[in-house]
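Beneath this line is the structure, given in structure tokens, with notes to follow.
Values below: every heavy atom of this structure, side chains too, minus hydrogens, waters and symmetry copies. We count residues from 1, following the sequence as given.
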Amino acid sequence: QVQLVESGGGLVQAGGSLRLSCAASGLTFSTYCMGWFRQAPGKEREFVAGITASGGFTRYADSVKGRFTISRDNAKNTLWLQMNSLKPEDTAVYYCAATRKMSLLYSQTYDATNQYDYWGQGTQVTLSS
């Protein structure tokens, strides 16, 4: 049974930082491309960042480029999202996701939610201005 468990969310002031974690189990983590998505109230779930199975290639949404960093440790079955210079518009529930499509990040559909096979339950990130 595949489980993705996010943690690290919370309430933070604008300009601050948070580090989200996603602990994976029940899958061969090193063979999955991973992503972070977020969903704000009343909005669709959107792609934030993705990383290939080896960790050698990453992609970011324009809205977070230069502020967020995605990384992984395949030996620890863990995915992270380091979020710096946080803004009120970063308020959302953040989800990690896994896909067997190892080349997804090189395709045009890397940001489509239906391309990902497994999802975590999400962790809330709230910014106070």
Side-chain angles (χ1 to χ4, degrees):
Q1 179 185 356
V2 175
Q3 281 194 312
L4 302 175
V5 180
E6 301 95 337
S7 61
L11 177 66
V12 62
Q13 285 190 331
S17 298
L18 276 177
R19 190 190 197 201
L20 305 183
S21 300
C22 173
S25 61
L27 75 171
T28 305
F29 185 69
S30 61
T31 65
Y32 280 75
C33 176
M34 300 296 295
W36 285 100
F37 288 74
R38 67 186 181 186
Q39 188 165 19
K43 294 189 176 182
E44 293 187 352
R45 193 170 297 188
E46 65 174 3
F47 175 85
V48 174
I51 188 167
T52 53
S54 68
F57 181 75
T58 56
R59 293 194 80 148
Y60 296 91
D62 288 343
S63 59
V64 306
K65 207 171 289 184
R67 300 188 297 123
F68 290 11
T69 302
I70 188 172
S71 61
R72 67 190 294 163
D73 186 333
N74 287 344
K76 295 181 179 179
N77 287 0
T78 303
L79 175 75
W80 294 283
L81 184 69
Q82 177 66 44
M83 306 187 295
N84 299 329
S85 303
L86 284 161
K87 303 175 181 180
E89 52 264 41
D90 295 320
T91 294
V93 178
Y94 283 72
Y95 300 89
C96 70
T99 177
R100 298 183 189 89
K101 301 176 182 70
M102 295 180 70
S103 299
L104 181 63
L105 288 186
Y106 302 105
S107 77
Q108 298 299 311
T109 57
Y110 66 91
D111 57 353
T113 57
N114 63 5
Q115 297 298 305
Y116 291 79
D117 302 301
Y118 302 106
W119 293 85
Q121 83 290 346
T123 185
Q124 177 71 48
V125 173
T126 303
L127 271 291
S128 61
S129 56

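Using a 4.5 Å heavy-atom cutoff, the side chains of Tyr95 and Glu6 are in contact. Between Asp90 and Arg38 there is a side-chain heavy-atom pair separated by less than 4.5 Å. Between Asp73 and Trp80 there is a side-chain heavy-atom pair separated by less than 4.5 Å. Residues Cys33 and Lys101 form no side-chain contact, since every pair of their non-hydrogen atoms from C-beta on lies 4.5 Å or further apart.
Using a distance-only test at 3.5 Å, with no hydrogens or angles considered, no donor-acceptor pair links the side chain of Ser30 to the main chain of Asn74. With Tyr116 contributing its side chain and Tyr110 its backbone, the two residues share a donor-acceptor pair below 3.5 Å. Of the possible polar contacts, none joining the Trp119 side chain to the Leu4 backbone as a donor-acceptor pair under 3.5 Å is found. Here the side chain of Arg72 pairs no donor or acceptor atom with the backbone of Gly55 at under 3.5 angstrom. Looking only at distances, a side-chain donor or acceptor of Asp117 sits under 3.5 Å from a matching main-chain atom of Arg100.
Of all heavy-atom pairs between Leu81 and Tyr94, the closest is CD2-CD2, 4.2 Å.
Ring geometry, Phe47 versus Phe37: the interplanar angle exceeds 60°, so the pair is classed perpendicular (tilted spans 30 to 60°).
In the hydrophobic clustering of this structure, Val125 groups with Val48; members are Ile, Leu, Val, Met, Phe, Trp, Tyr whose side-chain heavy atoms approach within less than 4.5 Å, directly or through other members.
Of the residues listed (Thr91, Leu86, Thr126), the one engaging Val12 in a side chain to side chain contact (heavy atoms under 4.5 Å, CB included) is Leu86, and it is the only one. For the pairing with Tyr32, the side chain to side chain contact (heavy atoms under 4.5 Å, CB included) check across Val2, Leu27, Thr99 returns one residue only, Leu27.
Applying the 4.5 Å side-chain rule to ILVMFWY residues, one finds that Leu11 remains a lone member of its cluster.
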